[in-house]
Amino acid sequence: MQRSLLSLSVLLAGVLASSGTAAQVPTSPLLVPLDSVAVALVRAAPAVAAVWPPYWGVGQGILLLAPDSAALLLSGHAPPPEYTPVSPATASPELVGRAYRRGSYPSEFTRNRFSLSHPLGSDTVPALPVKSKSLPNVLEFLFHEAFHGYQSRGNFTPIAEDTHRTVWGQRLVDSAQTASSEFAAGVDAERRLLLSALGAGIRADSLETILQLYTALRQRRTGGATAVRDVERSMERLEGSAEFVGCMGTAAALGGGDARVRECIADELRRPLADFPAMPEADARLMRWRLYGTGAALCYLISRLDPTYDWRPLLERGMHLDRLLVEAMGGQWPRERTQHQATGGDQN
């Protein structure tokens with residue numbers, strides 16, 4: 001009897017996989033269903049398109065992956081034959097004509113792997129995993145990683161400060177520059193200042209006072225540590241802007257406005273350094289993960305200081321966020337002789 005039931009289960013699974021009911025391939029009950037994510041993305045597209053033009057268009061394509069189980073494609077282009085249109089009878093109206101299912105997991109991806117530029121038919125899309133049971137967490141991750149795809153397609157000019165790449169497990173900077181208790185204390189003080197600056201009811205003059213103090217402390221801490229300064233600027237420019245877009249995109253998708261954006265960024269600034277992953281670099285807690293939050297905070301605060309300041313193109317062309325913050329406050333950035341200048345650039 002048990003063998004008969006097993007055979008019937010195998011037969012039924014084969015029939016479902018080969019028929020139109022492939023639409024019912026389940027996502028793990030611990031993950032947000034792919035359909036729910038796709039509907040949120042479609043509904044939010046006009047608002048997200050305004051976050052960082054032209055990063056996310058209204059017809060943005062994306063391949064959503066439920067690791068090792070299923071895939072759902074959003075695309076305005078004809079997909080490969082293994083992707084079949086969702087059924088109008090079972091899918092949300094927003095997905096009809098835009099979404100395509102694949103009943104089996106794409107063989108080119110293994111668990112937790114993804115691509116920022118995955119070719120599918122005549123389209124190229126980010127292919128990203130859905131790995132959380134929280135829709136806000138899923139959306140923040142998707143918008144963040146898709147923004148890295150935007151950066152890598154030539155929209156962010158490489159700068160000299162990006163040359164800090166290391167081998168897995170090595171350090172980003174010499175430990176002698178970051179090992180002191182004063183360095184960690186300075187980093188924490190700066191993060192607390194940025195957290196204070198994110199307050200909803202803070203007056204303009206108080207905000208500027210806090211940020212002037214932040215800038216002075218940061219410049220004093222990094223003034224003689226060129227490698228530290230360069231890694232911080234690079235991480236904030238690339239990862240901090242992606243974190244900012246992740247928070248902004250999630251607020252656009254789910255509502256909550258400015259308060260949700262601020263809380264999203266504040267969560268990163270409140271997180272103790274010891275809670276960050278101790279990888280992929282040996283000094284990742286100090287020199288990578290904390291900079292996602294500081295960079296996102298700087299992006300937000302620059303916009304808050306001067307809503308008319310068109311700083312995004314400047315960041316794309318190579319400016320760093322600590323300079324943009326000073327200029328948003330109406331200050332003059334001090335001249336620095338950097339490697340970028342020495343090689344003919346004009347960043348400062």
Side-chain angles (χ1 to χ4, degrees), residues 41 44-65 73-77 79 108-109 113-129 139-166 172 229-249 252 280 288 291-292 294-296 298-300 302-303 309-325 327 338-348:
L41 292 175
V48 178
V51 168
W52 195 299
Y55 144 69
W56 191 277
V58 172
Q60 171 70 39
I62 187 169
L63 179 61
L64 302 173
L65 304 168
L73 172 66
L74 283 179
S75 179
H77 301 265
E108 57 266 42
F109 298 105
R113 295 289 299 275
F114 59 88
S115 170
L116 300 179
S117 299
H118 182 58
L120 277 178
S122 59
D123 202 5
T124 300
V125 301
L128 299 170
L139 293 175
E140 184 184 343
F141 171 79
L142 295 179
F143 289 130
H144 178 120
E145 294 300 334
F147 192 70
H148 283 318
Y150 171 79
Q151 292 171 336
S152 66
R153 291 192 295 274
N155 294 298
F156 269 56
T157 304
I159 58 175
E161 287 86 346
D162 295 336
T163 59
H164 56 263
R165 306 302 181 203
T166 63
L172 287 162
R229 183 193 65 197
D230 288 353
V231 170
E232 289 182 349
R233 287 174 172 174
S234 176
M235 288 288 184
E236 286 174 340
R237 178 174 176 257
L238 298 176
E239 296 293 354
S241 62
E243 189 73 11
F244 170 73
V245 167
C247 292
M248 292 283 288
R288 169 183 288 277
L291 298 163
Y292 289 45
T294 60
L298 293 177
C299 289
Y300 174 85
I302 290 165
S303 296
Y309 186 26
D310 193 15
W311 58 273
R312 289 169 176 81
L314 300 176
L315 190 72
E316 290 184 0
R317 292 199 294 268
M319 282 192 185
H320 38 263
L321 284 165
D322 55 336
R323 170 181 175 171
L324 292 170
L325 178 70
E327 295 189 351
T338 66
Q339 180 183 352
H340 185 65
Q341 285 179 301
T343 55
D346 186 24
Q347 185 176 348
N348 289 289

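Being a predicted model, the structure only gives us computed values, none of them experimental. Side chains included, hydrogens not; waters and symmetry mates left out as well; all remaining heavy atoms used.
- Within the 4.5 Å cutoff, no side-chain heavy atoms of Glu108 are placed close to those of Ser115.
- Between atom CG of residue Leu238 and atom CD of residue Gln151 there is a gap of 5.0 Å, rounded to the nearest 0.5 Å.
- You'll find the side chain of Phe244 reaches within 4.5 Å of the side chain of Trp52, heavy atoms only.
- Leu172 places a side-chain heavy atom less than 4.5 Å from the side chain of Met235.
- Nearest heavy atom pair, residue Ile62 against residue Trp56, reads CD1-CH2, 4.2 Å.
- Contact annotation: the side chain of Glu243 never approaches that of Cys299 to less than 4.5 Å [non-hydrogen atoms, C-beta and beyond].
- The line from NE2 of His320 to CZ of Arg229 is 7.5 Å long, rounded to the nearest 0.5 Å.
- Between Arg113 and Leu65 the shortest heavy-atom distance is O-CD1, 4.1 Å.
- Between Ser241 and Leu315, the closest heavy-atom pair is CB-CD2, 3.9 Å.
- Side-chain atoms of Leu139 and Leu41, non-hydrogen and from C-beta on, do get closer than 4.5 Å to each other.
- A 4.5 Å side-chain heavy-atom check between Leu142 and Leu64 finds at least one atom pair inside the cut-off.
- The shortest heavy-atom contact between Val125 and Leu63 is CG2-N, 4.0 Å.
- By the 4.5 Å heavy-atom criterion applied to side chains, Asp123 and Leu73 are not counted as neighbours.
- Taking CD1 from Ile302 and CZ from Arg312, the interatomic distance works out to 9.5 Å, rounded to the nearest 0.5 Å.
- Put simply, the side chain of Gln60 does not reach to within 4.5 Å of the side chain of Leu74, judged on heavy atoms.
- Here the closest heavy-atom approach between residue Tyr55 and residue Phe143 is recorded as OH-O, 2.7 Å.
- Although no hydrogens or angles enter the test, the distance criterion places no donor-acceptor pair under 3.5 Å between the side chain of Ser234 and the main chain of Val231.
- Rounded to the nearest 0.5 angstrom, Leu321 CG and Thr294 OG1 are separated by 8.5 Å.
- Rounded to the nearest 0.5 Å, atoms OH (Tyr309) and CG (Leu325) are 9.5 Å apart.
- Arg237 places no side-chain N or O within donor-acceptor distance of the main-chain N or O of Glu232, the cut-off being under 3.5 Å.
- Using a 3.5 Å distance cut-off with no hydrogens or angles, the side chains of Glu145 and His148 do not pair a donor with an acceptor.
- Between Ala252 and Val48, the closest heavy-atom pair is CB-CG2, 3.8 Å.
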